[in-house]
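Read the numbers this way: they start at 1 and go in the same order the structure lists the ligands and their atoms.
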Amino acid sequence: MADLIDITREGRVALVRLNRPAQLNALNLALAEELVAATEALDRDRTIGAMVLTGSPKAFAAGADIAEMAGKSAEEMVEADFFAIWDRFAACRIPKIAAVNGYALGGGCEVVMMCDFAIAGEGARFGQPEVKLGVIAGMGGTQRMTRLIGRSLAMDLHLTGRTMRADEALRAGLVARVVPDEEVVPTAMAAAAEIASYSRGAVRLAREAVAKAEELPLAEGIRYERAVFHRLFGTPDQREGMAAFVEKRPARFHAP
Ligand code: CO8
């Protein structure tokens with residue numbers, strides 16, 4: 001069977017492409033297992049500093065694989081803890097940029113929200129249409145979307161199942177940037193290369209600190225940030241980054 005994902009490397013960046021185009025990259029268990037194993041390997045690889053996750057021109061991913069789930073019982077879903085594997089993808093500390101063309105629906109939209117940020121093409125479409133199938137989002141969509149774009153719009157999307165265009169997704173804060181469709185992957189790769197050129201430690205701690213804002217009360221989050229900020233002083237990368245600024249030269253961060 002053909003690989004369900006395809007990985008290429010450009011310098012310190014990995015481009016991971018979902019590769020079930022005929023099924024609009026529907027996320028079946030085999031694909032999830034491949035993607036999670038690959039992402040965990042990239043996470044451990046010190047020669048890689050960031051990854052871009054993308055799909056095909058027509059679909060980033062049109063959701064969890066409906067055919068695979070259709071006949072299952074509640075007992076089977078509970079026993080398999082269906083979709084729990086995706087927690088491992090979200091937990092990987094490597095910076096993850098979603099590069100979205102076409103449909104990002106259901107589980108596809110949820111995977112976008114598991115990434116650190118998203119760059120979408122003008123023709124991208126987002127939505128949580130599970131209600132139309134008689135179920136609800138099952139990969140974190142009700143929780144992550146509500147935190148990202150607020151209760152009102154999240155309710156609208158989850159209860160009506162409608163799709164949202166890229167410009168609306170940008171206004172709502174679901175995606176960070178919208179660019180012409182053909183520029184999605186190059187723009188995401190350039191952003192990932194920039195991230196990968198910085199101090200690995202600073203990047204990882206920055207994304208961890210931003211993510212804490214979803215969990216911690218403000219005062220505690222600010223104390224967390226300050227403690228991390230203090231801890232970075234005296235590291236070789238802090239010394240180099242600040243010395244380079246003072247000496248008006250590009251920084252050369254600690255080799256991986
Ligand atoms: N699962 C399986 N196959 C899919 C999926 C999917 N999510 N989406 C598309 N496909 C397949 C189609 O069946 C079709 O296959 P075939 O050629 O063999 O018939 C092929 O991809 C192409 O699709 P279409 O012919 O439908 O393409 P269109 O351009 O006409 O339509 C759409 C594109 C609008 C994206 C349409 O495919 C669609 O509506 N797809 C389903 C979208 C959806 O409902 N996604 C949510 C899925 S459920 C989910 O993600 C989370 C479930 C949470 C459950 C919680 C349990 C614990």
Would you please say whether a donor-acceptor pair under 3.5 Å links the side chains of [X] and [Y]?
| X | Y | result |
| --- | --- | --- |
| E194 | Y198 | yes |
| D237 | T235 | no |
| S73 | E76 | yes |

Any idea which heavy atoms bring F126 and A166 closest together, and the distance?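 In this case the closest contact between F126 and A166 is CE1-CA, 4.3 Å.
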Closest heavy-atom contact between A176 and F117?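 Looking at all heavy atoms of both residues, the closest pair is CB-CD1, 3.9 Å.
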Do any nitrogen or oxygen atoms of ligand 1 lie under 3.5 Å from a protein nitrogen or oxygen, and which ones?
{"residue": "ligand 1", "atom": "1 (N)", "partner": "A64", "partner atom": "O", "Å": "3.4"}
{"residue": "ligand 1", "atom": "1 (N)", "partner": "I66", "partner atom": "N", "Å": "2.9"}
{"residue": "ligand 1", "atom": "7 (N)", "partner": "A62", "partner atom": "O", "Å": "3.0"}
{"residue": "ligand 1", "atom": "7 (N)", "partner": "A64", "partner atom": "O", "Å": "2.9"}
{"residue": "ligand 1", "atom": "21 (O)", "partner": "A22", "partner atom": "O", "Å": "3.4"}
{"residue": "ligand 1", "atom": "29 (O)", "partner": "K58", "partner atom": "NZ", "Å": "2.6"}
{"residue": "ligand 1", "atom": "45 (N)", "partner": "A62", "partner atom": "O", "Å": "3.0"}
{"residue": "ligand 1", "atom": "50 (O)", "partner": "A64", "partner atom": "N", "Å": "2.8"}
{"residue": "ligand 1", "atom": "50 (O)", "partner": "G107", "partner atom": "N", "Å": "2.7"}

Hey, does the side chain of Q128 reach the backbone of L157 with a donor-acceptor pair shorter than 3.5 angstrom?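 Looks like no, no N/O pair under 3.5 Å.
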